Amino acid sequence: GVLAHLEMLEARAHEAAVKQEETEQQEEKLARLRARVQELRRRRDELRAKVDLQEKGQPGKEGVGSDPAQPSARAVVEWKIKSVKAMLQIFYLTGISGKLTKQGVCFCISTAYEGTYLDSYYLDLLIQPEVRIHRHSVPVFIPLEQIAKKYLQTDIRRFLSVLSDHLNAYAGRRYQADQLQERFSDQIEGTLQRNSLCNLLVFNYDVSSTSKSFPFSARLLYGDLCCSLPTEVVVSCARDAPASLAETAAAHSDLFRRTALHKAFGS
Amino acid sequence: MDETVAEYIRRTVLKIPRDEIKTMLQEWGFLSEAQLQTINFHQIKENISQDVVQLCEDNSANIKQAAVLDVIYNHIYPNKRVWSVYQMNKTGEETVIFDLTDFKKKFKRGLRSALKNVTINFRVYEDNAIWIRIAWGTPYTRPNQYKTSYVVYHSQTPYIFISASVLKSNLPLLCQALVAASNYHDIREMELRSHSLNSLKDIVFKRYSQNFQTYYPKPLPERNVAPESDLRIIDENKSEKERIERVNREIFGDGPQPKLEFAQYKLETMFKSDPKMDVLDKKEPFRCLVKFSSPHLLESLKSLAPAGMADAPLSPLLTCIPQKARNYFKIREKKSLLPGSFVSP
């Protein structure tokens, strides 16, 4: 009775809606293709103009064989390859890039610190039956298993982002420590004492590079593994040192907490 | 200076190749530059060692200082010992801030609480490797400096490299002290052993070359350029050769392989024979041990297929060695549910 009639009306309305959606999609597609045709025509005209210009610049050169106005298929393919390569290069430079493999995806995380590109690390992921890590080249002291346990199954973007943060921060800390050791070695007593993650640095130093004694003793702790600035800095000097030194120590302590280590030394 | 210390220094110096003695003594830093100048390093080693002992006598060396020279020697020549890899586990998730002084203190306390007669030396190198030398004694005798164990540990990693000496009985104590000092919960021995410490490190730290598929074109090594060959020679098998090269490169990667000396497979599988022949009456697993040995096992496996001695791709039992980080395997009969042989974890 009424219900059946209502059902029938509902079905009809549904069909009409579906049909309308289809026609809309068709129209969209058509519009897109038209735009593409316009684009291609425009490009062809550009190339034609270019070729004409070239021909005018070399009067007397006979156009032999195929019509030079039509870009050859080979040239188009080459141009396509070049632009795809450029696109992939851009992705690689953004820091996280990936490639589909037979069984999953292979991601490449590139690290950089303040404009200098540092190492790249790879992750080979399998997708079936669930997302898991097949092989990788992530250093063993980065807590990869922990991060994977938290995010790999649920939110792969977050997983990559967190891992990338860890790796970039580690690369940044290591870069700072290396730079300090390399450029300011005469201001530091011996070599910098650090650990694998470069998140605890201990060293004695002086402000000038010519002195024989190293009155300041610094201990930098990077509590946040995703951060390349220390969370805790203790700069101290000998108990019998003059008050001015103690003041400088406090100022340095603040400086190290805010600025990159090798830059702090440079200033 | 103690007689035993003198003898120990003499014997350690004798182990060092003559050309290296001066540099090692300099690195040791116990003898001053002026003292080193007085030694003639071109005489025979017996005499050099006597001179060194005399100078150490003048400086009153003790056994701990002498032990440092041993550590330096073993660091430069680690391949004279066999190293095993151990893996530690912890259940907590807190970030560990590794403090070297804390580690040393805990380790010494851990060892000394059980055994007073030990000599312990630490030496930290630039690649964050902590070298620990332990000379073992018993509750009633002094530490025997010739029966030493070496431990190499990289902070904040779960792997420990141990070159135990003959005294295997001290191993549990050593493992316990290490676990306590590094804030882990337990430790187990991995099935990975080799003379080459650096290769073991490469395998567990994943520093060896693995071939990852990327779009970013890595600079290809020079050898990819085909050598100029005589045009009169036609390679009939060219496509097959190229396929083998490609498959090989996919499996082994482009760079040098870690150096292992052997791979051992303990088979506990059933002997499969023609049922008519009925070789074995009892249906028991046929126990046998297959051992591959080579000065450089992985490189030789890599060259098997290109040399035509094996089909490419090689059996995954051979190629999984770096990835599974083991070179001792136990292969049991496949259970009906799992395809292929069951390799024990």
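This structure is a prediction, so every number in the text was calculated from the model and none was measured.
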Taking Thr157(B) for its side chain and Phe141(A) for its backbone only, find out whether a donor-acceptor pair lies under 3.5 Å. no
Here the gap from Ser155(B) atom OG to Leu197(A) atom CG, rounded to the nearest 0.5 Å, amounts to 7.5 Å
Arg258(A) atom CZ, neighbour heavy-atom count above 12 within 6.0 Å: yes
Region of Val204(B) that comes under 4.5 Å of a non-hydrogen atom in chain A: backbone
Does a side-chain heavy-atom distance below 4.5 Å link Val124(B) with Gln193(A)? no
Please determine, among His154(B), Glu126(B), Gln323(B), Arg207(B), the option with the most heavy-atom pairs under 4.5 Å with chain A. Gln323(B)
Least distance between heavy atoms, His136(A) atom then Lys206(B) atom: O-CD, 3.0 Å
Measuring heavy-atom distances to chain A, does Asp99(B) have an atom under 4.5 Å in its side chain, in its backbone, in both, or in neither? both
Examine whether an atom of Arg219(A) lies under 4.5 Å from a heavy atom of chain B, and if so say whether it belongs to the side chain, the backbone or both; otherwise answer neither. side chain
More than 12 heavy atoms from other groups under 6.0 Å of CG on Asn59(B): yes
Segment of Tyr208(B) engaging chain A (4.5 angstrom heavy-atom cut-off): neither
How far apart are the closest heavy atoms of Gln156(B) and Ser196(A), and which atoms are they? OE1-N, 3.4 Å
Applying a strict 4.5 Å limit to non-hydrogen atoms, the region of Ile142(A) in contact with chain B is neither
Region of Gln181(A) that comes under 4.5 Å of a non-hydrogen atom in chain B: neither
Residue part contacting chain B, namely of Thr191(A), when any heavy atom lies under 4.5 Å: side chain
Taking every non-hydrogen atom, the tightest pair across Arg194(A) and Asn128(B): O-OD1, 3.4 Å
